[in-house]
Amino acid sequence: MKNKKLILIYICIFIFLIIISFFYYKKQKTGNNISKSITDYKQYILNISSYEATIEVEVISNKNTNKYIIKQWYKSPNLFKQEVQAPENIKGLTTLYDGSNLKIQNSRLDLAKIYNNYNCLSDNILSLSSFIENCKENGLECTETENEIIIEVTNRKKYAWCKRLSINKTTGMPTKMEITDENKKTLVYILYNEITINSTNNEEIM
């Protein structure tokens with residue numbers, strides 16, 4: 001009878017250890033998946049070769065806040081187009097960079113200005129391509145919430161000290177970007193209302 005009780009105790013302990021091991025393994029496996037997921041998102045952002053997006057932009061100053069709706073196109077390595085859709089007074093203002101020359105055009109007023117041998121495309125803080133270049137030059141940090149991956153890059157420039165890009169975990173698409181100064185004050189807030197990744201060609205932009 002005593003032996004049977006000992007055997008029963010050993011069986012219970014064995015089952016208990018199996019259960020503990022199962023949950024420990026599951027936890028470890030889940031943790032590895034999260035780490036791998038963050039690494040994947042880093043590579044995903046760095047390897048974006050083109051995009052088309054409609055963005056809503058808030059530019060915040062000490063005196064006021066200005067809002068814009070802008071359509072953007074980008075094709076690696078340096079083809080970029082941007083068209084203002086709102087507000088009405090600058091609607092149609094288009095910026096086109098072909099890798100060498102910058103053309104600024106207002107289709108409503110039939111005015112255009114061309115800057116030859118222009119090489120400051122990365123200065124356009126509103127563009128996702130500028131964010132990508134900043135990440136390549138300065139490195140990036142990743143954190144996550146329940147629904148989003150947040151990629152942060154620090155430029156250490158007075159008027160664009162830090163940029164934070166949020167990516168939806170479900171869709172894998174950027175949802176918003178916040179640009180702050182060295183005092184963590186928000187300067188620019190961008191919402192990606194529509195965006196497609198890696199499917200834009202040169203003909204669509206030109």
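Computed from a predicted structure; not experimentally measured. For the numbers below, each heavy atom of this structure counts, side chains included, while hydrogens, waters and symmetry mates do not.
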Check the pair Leu140 / Lys42 against side chain to side chain contact (heavy atoms under 4.5 Å, CB included), numbers first and verdict last. CA-CA 8 Å; Leu140 66 158; Lys42 286 182 179 180; 3.9 Å; yes

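- Using a 4.5 Å cut-off between side-chain heavy atoms of Ile, Leu, Val, Met, Phe, Trp and Tyr, with links allowed through other members, Leu79 and Ile114 fall into different hydrophobic clusters.
- Considering all non-hydrogen atoms of both residues, Pro174 and Ile197 come closest at CD-CD1, 4.5 Å.
- Linking ILVMFWY residues whenever their side-chain heavy atoms come closer than 4.5 Å, directly or via other members, places Ile90 and Ile55 in the same cluster.
- Closest approach of Trp73 to Thr200, counting heavy atoms only: CD1-CG2, 4.3 Å.
- Contact between Lys163 and Ile125 at its shortest, heavy atoms only, is NZ-CA, 4.0 Å.
- Summarising the geometry, atom CZ belonging to Phe80 is positioned 7.5 Å from atom OG1 belonging to Thr95; distances are rounded to the nearest 0.5 Å.
- Residue Gln85 holds its CD atom at 9.5 Å from OG1 of Thr94, rounded to the nearest 0.5 Å.
- Leu165 is listed as a side-chain neighbour of Leu128, based on a closest heavy-atom distance under 4.5 Å.
- Using modelled atom types, no side-chain atom of Asn155 and backbone atom of Cys162 make a donor-acceptor pair closer than 3.5 Å.
- The two residues Asn168 and Thr175 come nearest to each other via the heavy atoms CB-CG2, 3.8 Å.
- The shortest distance between side-chain heavy atoms of Lys176 and Arg164 does not fall below 4.5 Å.
- Between Asn138 and Thr154, the closest heavy-atom pair is CB-O, 3.7 Å.
- The distance between the ring centers of Tyr51 and Tyr74 falls below 6.0 angstrom.
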Side chain to side chain contact (heavy atoms under 4.5 Å, CB included) between Ile69 and Thr54, worked out: CA-CA 7 Å; Ile69 297 176; Thr54 301; 4.1 Å; yes

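- The 12-atom threshold is not exceeded at NZ of Lys103, counting heavy atoms of other residues, nucleotides or ligands nearer than 6.0 Å.
- Two residues are said to be in side-chain contact when any heavy atoms from C-beta on lie closer than 4.5 Å; Gln105 and Leu96 fail this criterion.
- To the nearest 0.5 Å, atom CD1 of residue Ile205 and atom CD of residue Gln72 are 11.0 Å apart.
- Without hydrogens or angle criteria, Tyr192 side chain to Glu194 main chain gives no donor-acceptor distance under 3.5 Å.
- A donor-acceptor pair is defined here as one N or O able to donate and one able to accept, closer than 3.5 Å; such a pair exists between the side chain of Lys169 and the backbone of Thr145.
- Tyr189 and Ile195 are members of different hydrophobic clusters when ILVMFWY side chains are connected at heavy-atom separations under 4.5 Å.
- Taken to the nearest 0.5 Å, the CG atom of Leu46 stands 7.5 Å off from the CD1 atom of Ile151.
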Between Thr65 and Glu58, is a side-chain hydrogen bond (donor to acceptor under 3.5 Å, both in side chains) present by the stated rule, with each step listed? CA-CA 6 Å; Thr65 297; Glu58 288 188 15; 5.5 Å; no

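- Note: the hydrophobic cluster containing Ile149 also contains Ile48 (ILVMFWY, side chain heavy atoms under 4.5 Å, direct or indirect links).
- Remark: Phe131 pairs with no residue by the ring-ring contact (aromatic ring centres under 6.0 Å, His included) rule, at least two apart or across chains.
- Using modelled atom types, one side-chain atom of Ser50 and one backbone atom of Ser199 make a donor-acceptor pair closer than 3.5 Å.
- Evaluated for a side-chain contact (heavy atoms from CB on, under 4.5 Å) with Val57, the options Leu191, Ile190, Val84 yield exactly one hit, Ile190.
- Within a 6.0 Å sphere centred on CD of Glu141, heavy atoms belonging to other residues, nucleotides or ligands number 12 at most.
- Through direct or indirect side-chain contacts shorter than 4.5 Å among Ile, Leu, Val, Met, Phe, Trp and Tyr, Ile150 is connected to no other residue.
- Here the CG-NZ distance, from Asp98 to Lys75, works out to 14.5 Å after rounding to the nearest 0.5 Å.
- Between the CD atom of Glu133 and the CG atom of Asn78 there is a distance of 9.0 Å, given to the nearest 0.5 Å.
- Judged by distance alone, with hydrogens and angles left aside, the side-chain atoms of Glu204 form a donor-acceptor pair with the main-chain N or O of Asn201 at under 3.5 Å.
- Between the side chain of Asn183 and the backbone N or O of Lys185 there is no donor-acceptor pair closer than 3.5 Å.
- Cluster membership for Ile60 and Ile70, using ILVMFWY side-chain heavy atoms within less than 4.5 angstrom, is not shared.
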